[in-house]
Amino acid sequence: MFPLKVNDDFLVAEANAKINLHLEVLGIRADGYHELAMVMQSINLSDQLKMMKSEHNNITLKSNSSEISVGDDNLIIKAAKLLRNKVGNTQLGVDIELKKNIPIGAGLAGGSTDAAATLVGLNKLWKLNLENEELEKLSEEIGSDIPFCISGGRQICFGRGEILEKIKFDKFDLGLILVKDPSIQVSTPVAYKKYKEQFGHNYLEDDKDFEIKRNILRSNNWSDKSLLDNRKEIQNDLQKTVCPMAPEVKKSLKILSGLPGSNLVSMSGSGPSCFALFKNYNDAKKVLKQHVNDFERAGLSAWACSMKSNGVQLGNEFT
Ligand code: C5P
């Protein structure tokens, strides 16, 4: 998408999916959420949201996907209403069209990134001039992964996922192959609940212990080179719980591990999507092309993706 040159009444926001390069569950918080230590990475699998200012004061949503609700429970509507309330002007209206490409219930933050795009897009369309940091803070109220999705790239995320520490370089050249069995979705609350049942007895309780873990993450080198050279595997704690529950995850990891040149293999978020990292985007595209029949036979949807150094991007046409 090109730099923003929008007509005043209309814009398009591109919302990138994310993968987890690390997901560690540290403990449970007083508010019932889990205390996490993660590294998240934006990828070039994205949804597009077309936003048109409207004369009426309604917020409406249409989508090309029949799998999602377009009612008040959709995070896009929640985000738009949250923003309107924040600035105290419930007269602001918008018609939104969502072109959904990111699979749903996949561990790729599809709903969260749509909410992030709504906040960034409407901030511009409604001329509210809020800073991204203000949008991030606001977005915590409706979802833990939304703050990351606003500026995206590769970031270390603590707390519920909303405390962000940018990694100090921004050129990410790795490629990946992402797979998902279209017949299943994993519910994030169920994954965390089961994880707690299985591993809750090992949770850390003291913030000092959390901080020791956070410092380990901060001192790790999260560059592409270091990921490929030094890491034996990507840690995703939820994989320990979801993998035995969902044979599709095991199947995905097995097929990814067998690909030539696949370096690190992991589940993303609470699954069931899984990915393998490659030296670069071209390698990932080549390997996907060579193995397209294998994925098909295994009943897996597959994408070759690149890493993105940004989250939401604004433009003025659908790609
Ligand atoms: O914040 P979000 O709505 O994305 O979280 C969905 C669910 O995942 C929460 O209701 C909670 O059950 C679980 N969760 C958690 N700890 C986190 C993030 C999510 O237990 N840090």
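Numbering of ligands and ligand atoms starts at 1, following listing order.
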Q: What residues, two or more places apart in sequence or in another chain, satisfy side chain to side chain donor-acceptor pair (under 3.5 Å) together with Ser270?
A: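 Expected list: Thr188.
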
Q: Are a donor atom and an acceptor atom from the side chains of Glu136 and Ser151 found within less than 3.5 Å of each other?
A: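 The criterion, which ignores hydrogens and geometry beyond distance, is satisfied for Ser151 and Glu136.
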
Q: For the pair Tyr195 and Tyr203, name the ring-plane relationship: parallel under 30°, tilted 30 to 60°, perpendicular over 60°.
A: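 Parallel: the ring planes of Tyr195 and Tyr203 meet at under 30°.
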
Q: Without hydrogens or angle criteria, can the side chains of Lys18 and Asn16 be said to hold a donor-acceptor pair below 3.5 Å?
A: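 Checked: Lys18/Asn16 side chains show no N/O donor-acceptor pair below 3.5 Å.
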
Q: Just to be sure I understand the cut-off, which residues have at least one non-hydrogen atom under 4.0 angstrom from an atom of ligand 1?
A: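 The answer is Tyr33, His34, Leu36, Gly143, Ser144, Arg160, Thr188, Pro189, Tyr192, counting any residue whose heavy atom sits under 4.0 Å from ligand 1.
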
Q: Using the side-chain hydrogen bond (donor to acceptor under 3.5 Å, both in side chains) rule, collect all pairs that involve residues 277-289, keeping only residues at least two apart or in two chains.
A: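 Every pair satisfying side-chain hydrogen bond (donor to acceptor under 3.5 Å, both in side chains) with a residue in residues 277-289: Asn44-Tyr281.
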
Q: Quick one: side chain to side chain donor-acceptor pair (under 3.5 Å) partners of Ser301, sequence neighbours excluded?
A: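 If we apply the side chain to side chain donor-acceptor pair (under 3.5 Å) test to Ser301, skipping adjacent residues, there are no hits.
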
